[in-house]
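To keep things clear, I will list the structure first and then write my remarks on it.
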Amino acid sequence: MAIPQATADDNQWDDENLMSPEACQKNPGASAYKFHIYYNSGQGGAWRNIGYRVYNFDVLRPGGSNPLTYQLKFCVPESASTPPPGSGTRIKNNAASGENTHPKYTAHVYFSSGYKGVQDVMDPYQHIDRFRNVYNENASFQWTS
């Protein structure tokens with residue numbers, strides 16, 4: 001099976017995952033983005049809502065031809081008097097748990113960039129309290145039907 005390469009579509013999704021208010025301005029339960037990744041086990045600590053596939057958590061290219069790259073990071077809630085553990089930390093190789101609140105799609109978190117390597121899989125409405133295969137070793141994410 002061929003592994004997909006990063007495409008122009010990935011750049012479009014990078015824009016959304018980086019800049020949409022759904023990513024950080026809304027708590028996981030209120031966000032239209034249906035995958036939630038957490039810094040700590042048990043869906044604890046800092047979080048990030050992800051709506052679209054991410055080829056590499058450390059190399060997002062908003063705008064497509066933009067030569068600059070950005071790391072996807074855990075949110076820093078503006079309303080929190082004390083930010084939760086992991087706030088502002090890069091997601092790549094730092095996530096401990098996840099939750100899929102999508103009613104239809106399955107969420108996959110991969111060990112390596114480009115949707116490669118071992119993975120943890122969450123069916124619709126499933127969460128994993130502690131990643132079994134990608135605990136603090138996670139690099140990409142995608143949905144499947």
Side-chain angles (χ1 to χ4, degrees), residues 3-128 131 133-145:
I3 300 297
Q5 297 299 309
T7 67
D9 284 345
D10 289 312
N11 295 328
Q12 174 191 348
W13 307 139
D14 287 354
D15 290 348
E16 295 294 324
N17 284 322
L18 276 170
M19 299 174 207
S20 172
E22 296 295 333
C24 280
Q25 293 176 9
K26 295 186 178 183
N27 289 329
S31 176
Y33 284 1
K34 300 300 182 189
F35 182 68
H36 320 289
I37 195 162
Y38 296 87
Y39 182 76
N40 284 340
S41 298
Q43 292 77 50
W47 45 267
R48 180 86 185 203
N49 300 318
I50 299 175
Y52 304 94
R53 67 182 180 228
V54 180
Y55 190 81
N56 182 341
F57 287 137
D58 260 0
V59 184
L60 280 78
R61 290 188 190 281
S65 61
N66 186 348
L68 300 176
T69 60
Y70 298 85
Q71 295 176 335
L72 199 59
K73 295 183 178 185
F74 290 105
C75 301
V76 180
E78 293 177 13
S79 62
S81 58
T82 303
S87 295
T89 303
R90 72 185 193 143
I91 291 174
K92 187 171 185 176
N93 298 332
N94 284 307
S97 61
E99 179 179 28
N100 177 7
T101 57
H102 201 287
K104 181 178 176 186
Y105 295 106
T106 300
H108 300 257
V109 180
Y110 295 86
F111 185 89
S112 298
S113 299
Y115 325 117
K116 295 186 251 183
V118 297
Q119 58 189 284
D120 279 301
V121 179
M122 286 156 276
D123 289 327
Y125 298 117
Q126 183 183 13
H127 66 272
I128 295 177
F131 288 135
N133 299 307
V134 300
Y135 179 81
N136 289 340
E137 294 291 341
N138 47 298
S140 58
F141 164 82
Q142 76 174 341
W143 296 105
T144 60
S145 54

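Between Thr69 and Val59, the closest side-chain pair of non-hydrogen atoms falls below 4.5 Å. Using a 4.5 Å cut-off on side-chain heavy atoms (C-beta onward), Tyr33 and Ile50 make no contact. Counting heavy atoms from C-beta outward, Val109 and Met122 have side chains that approach closer than 4.5 Å. Side chains of Ile91 and Arg48 form a contact here, defined as non-hydrogen atoms less than 4.5 Å apart. Taking the side chain as every heavy atom from C-beta outward, Asn133 and Phe111 never approach each other to under 4.5 Å. Looking at heavy atoms from C-beta onward, Ser41 lies out of side-chain contact with Phe131 at the 4.5 angstrom threshold.
Sparse packing is recorded around NZ of Lys73, with 12 or fewer heavy atoms of other residues, nucleotides or ligands lying under 6.0 Å away.
Distance alone, capped at 3.5 Å, places no donor-acceptor pair between the Glu99 side chain and the Ile37 backbone. Asn49 places no side-chain N or O within 3.5 Å of a backbone atom of Lys34 that could act as its donor or acceptor partner. Distance alone, capped at 3.5 Å, is enough to place a donor-acceptor pair between the Ser87 side chain and the Pro84 backbone. At least one donor-acceptor pair closer than 3.5 Å links the side chain of Ser31 to the backbone N or O of Glu22. In terms of modelled atom types and a separation under 3.5 Å, the side chain of Asp58 and the main chain of Asn56 share no donor-acceptor contact. With hydrogens and angles disregarded, no donor-acceptor distance shorter than 3.5 Å links the side chain of Asn138 to the backbone of Tyr110. Side chain of Asp120 to main chain of Val134: a donor-acceptor pair is present (N/O by atom type, distance under 3.5 Å, no hydrogens or angles).
From Tyr135, atom OH reaches atom CG of Asn93 across 12.5 Å, with rounding to the nearest 0.5 Å. Taken to the nearest 0.5 Å, the CG atom of Asn40 stands 10.5 Å off from the CG atom of Asn94.
Checking His108 against Gln142 by side-chain atom types alone, no donor-acceptor pair falls below 3.5 Å.
Scanning all heavy atoms of the two residues, the minimum distance from Asn100 to Asp123 falls at ND2-O, 3.2 Å. When every heavy atom of Ser140 is checked against every heavy atom of Lys116, the shortest pair comes out as OG-N, 4.3 Å. Closest approach of Ser97 and Ile128 over heavy atoms only: CB-O, 3.1 Å. Shown here for Cys75 and Ala23, the closest heavy-atom pair between the two residues is SG-O, 3.4 Å. Between Leu18 and Gln71, the closest heavy-atom pair is CD2-O, 4.2 Å. Scanning all heavy atoms of the two residues, the minimum distance from Asn27 to Trp47 falls at OD1-CZ2, 3.6 Å.
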Practice task
Evaluate side chain to side chain contact (heavy atoms under 4.5 Å, CB included) for Leu72 paired with Arg90, printing each intermediate quantity in order.
Solution key: CA-CA 6 Å; Leu72 199 59; Arg90 72 185 193 143; over 6 Å; no

Practice task
Before giving the answer on side chain to side chain contact (heavy atoms under 4.5 Å, CB included), spell out for His36 and Thr101 the whole-Å C-alpha distance, their side-chain angles and the decisive distance to 0.1 Å.
Solution key: CA-CA 8 Å; His36 320 289; Thr101 57; 3.0 Å; yes

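Below 30°, between 30° and 60°, or above 60°: for Trp143 and Phe141 the angle between ring planes is above 60°, a perpendicular geometry.
Between Tyr105 and Phe35, the distance separating the two ring centers is not shorter than 6.0 angstrom.
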